[in-house]
Amino acid sequence: MTGPHIGIHATAWTATVVLGLSSVGVLGAGTARADDPIDSLSARQIADRSSDALRGAHSMHLSTRSTPADGGTPTTLDLIVDRAGNCTGSLGLGGKQGSVRIVKRGDTVWVKPDAQFWKSRDSRVGSALASILAGRYMKGSASDPRLSNLASACDLAAFQKVVSDNAKTDKGTLTKGRKTTLAGTPVVPLVRTWHGQKVTMYVAATGKPYPLRIDATGGSPKADATVRFSAFDKPVPTTTPPPDETVGINAQETRAT
C-alpha cells in the first residue's frame, strides 16, 4: 500500500488563493529608489517598492481567505514561513474537506488532519488512520511523496518567485488612494481594476513598504479573497510536536492495512 496522499499542491494553491495579485499588477517590478518618501511616489513606484520589500523578506506570517464563486465555504491558509522551508500553521481546505495542521522543520514534517478531513475521504484506510492517530500528528520526511505536496506550502522562496515572475504588467488601471490606517498602522492603498476585478493593496507608509493586506473582489469567475502579511523577518517558532503526540507515517500506514 502506498498510503494516503495528504493534502494538495499547496504552493500552487497558495498562489491561486492570492488570486494572481501580482499578475494583475498590484505588485510591481521594482524600480523606485528606496530612500524616496512614500508620499512623493506614484502608484507604480509604490507598487515597485512594495514588491521589492515582499521579495526581500526572510520570513513572514501569511494568512489567506478565499471565497469560491458559488459562495461555498472559504479556503484558508495561516502559516508562519521562512525561506529555509520551515513553517507552522494550518490549511483549511474548504467545503467538507476539513483542515490540516502542519509543522515543518528542516526535512521533517508533521501533519495533523482533523476528523472532517478523514471523514471526507470516506475510505476504509482513512477511517483506520483516523482511529490510529487519535488526534496525533503524522511525522515523516518532507520529500515523502505522501507529504511533499502539503509540505510545499512552507516554501516562502517559491511564493516569492511567483510574485517576481508575475511582477511586470500594465493590465488595467492602477491608482493611488489617500493615506489611511489599517489596524492602527499608516498605509497607502493602491487599487488595480481590470476586467471586473478590483484588487486593493495596503502598503505600509512607515518603515519598510511591505504590503500588509490585499483584497480582491469580482472578476470572472468571481472569487473574493483577502491576503494578510505580517511578522516580517521574525523567526518561525522552533517548537515541534513531542514524540508522544506523533506517529511515524510508515508505522501508522502498516497498522492501517
Side-chain angles (χ1 to χ4, degrees), residues 1-19 61-81 85-105 108-155 159 216 221-228 236-237 239-257:
M1 176 176 293
T2 59
H5 286 256
I6 305 300
I8 49 182
H9 292 279
T11 299
W13 178 72
T14 302
T16 300
V17 169
V18 177
L19 277 181
H61 183 183
L62 170 68
S63 64
T64 69
R65 181 181 178 87
S66 178
T67 303
D70 62 7
T73 305
T75 55
T76 61
L77 179 149
D78 192 326
L79 287 177
I80 303 173
V81 296
N86 302 308
C87 80
T88 182
S90 63
L91 296 89
L93 306 182
K96 297 181 179 179
Q97 300 301 305
S99 64
V100 181
R101 291 283 307 170
I102 179 170
V103 177
K104 182 174 177 288
R105 199 77 195 167
T108 304
V109 61
W110 295 257
V111 297
K112 183 167 71 170
D114 66 4
Q116 185 60 48
F117 177 94
W118 293 120
K119 183 178 179 181
S120 71
R121 269 54 192 170
D122 193 26
S123 68
R124 179 184 63 83
V125 173
S127 297
L129 288 173
S131 176
I132 293 167
L133 288 169
R136 293 175 292 180
Y137 285 83
M138 286 188 293
K139 177 183 178 181
S141 169
S143 60
D144 189 308
R146 295 163 294 184
L147 299 173
S148 58
N149 287 339
L150 186 60
S152 68
C154 299
D155 193 343
F159 174 77
K222 184 178 184 297
D224 298 341
T226 294
V227 184
R228 291 182 172 85
V236 175
T239 302
T240 58
D244 62 352
E245 293 182 15
T246 66
V247 177
I249 188 168
N250 291 325
Q252 55 81 20
E253 176 185 316
T254 299
R255 293 172 60 189
T257 57

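Just the heavy atoms: all of them, side chains too, but no hydrogens, waters or symmetry mates, feed the values below.
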Interatomic spacing from OG1 in Thr240 to CH2 in Trp110 - rounded to 0.5 Å: 4.0 Å

[X] side chain near [Y] side chain, heavy-atom distance below 4.5 Å:
{"X": "Trp118", "Y": "Leu133", "result": "yes"}
{"X": "Val111", "Y": "Leu147", "result": "yes"}
{"X": "Ile102", "Y": "Cys154", "result": "yes"}
{"X": "Val227", "Y": "Leu62", "result": "yes"}
{"X": "Thr76", "Y": "Thr64", "result": "no"}
{"X": "Thr108", "Y": "Lys139", "result": "yes"}
{"X": "Pro113", "Y": "Met138", "result": "yes"}

Please name the pair of heavy atoms, one in [X] and one in [Y], separated by the smallest distance, quoted to 0.1 Å.
{"X": "Lys104", "Y": "Gly85", "result": "NZ-O, 2.9 Å"}
{"X": "Val109", "Y": "Ala151", "result": "CG2-CB, 4.4 Å"}
{"X": "Thr75", "Y": "Leu93", "result": "CG2-O, 3.4 Å"}
{"X": "Ala153", "Y": "Leu91", "result": "CB-CD2, 4.3 Å"}
{"X": "Lys112", "Y": "Arg136", "result": "CG-O, 3.6 Å"}

Under 3.5 Å donor-acceptor, Gln116 side chain and Gln97 backbone: no

Residues which pass side chain to side chain donor-acceptor pair (under 3.5 Å) with Ser143, listed by chain and number, not counting sequence neighbours: Ser141

Side chain to side chain donor-acceptor pair (under 3.5 Å) partners of Ser99, counting only residues at least two apart: Asp114

Partner residues of Pro237 under the side-chain contact (heavy atoms from CB on, under 4.5 Å) criterion, sequence neighbours left out: Ile80, Thr88

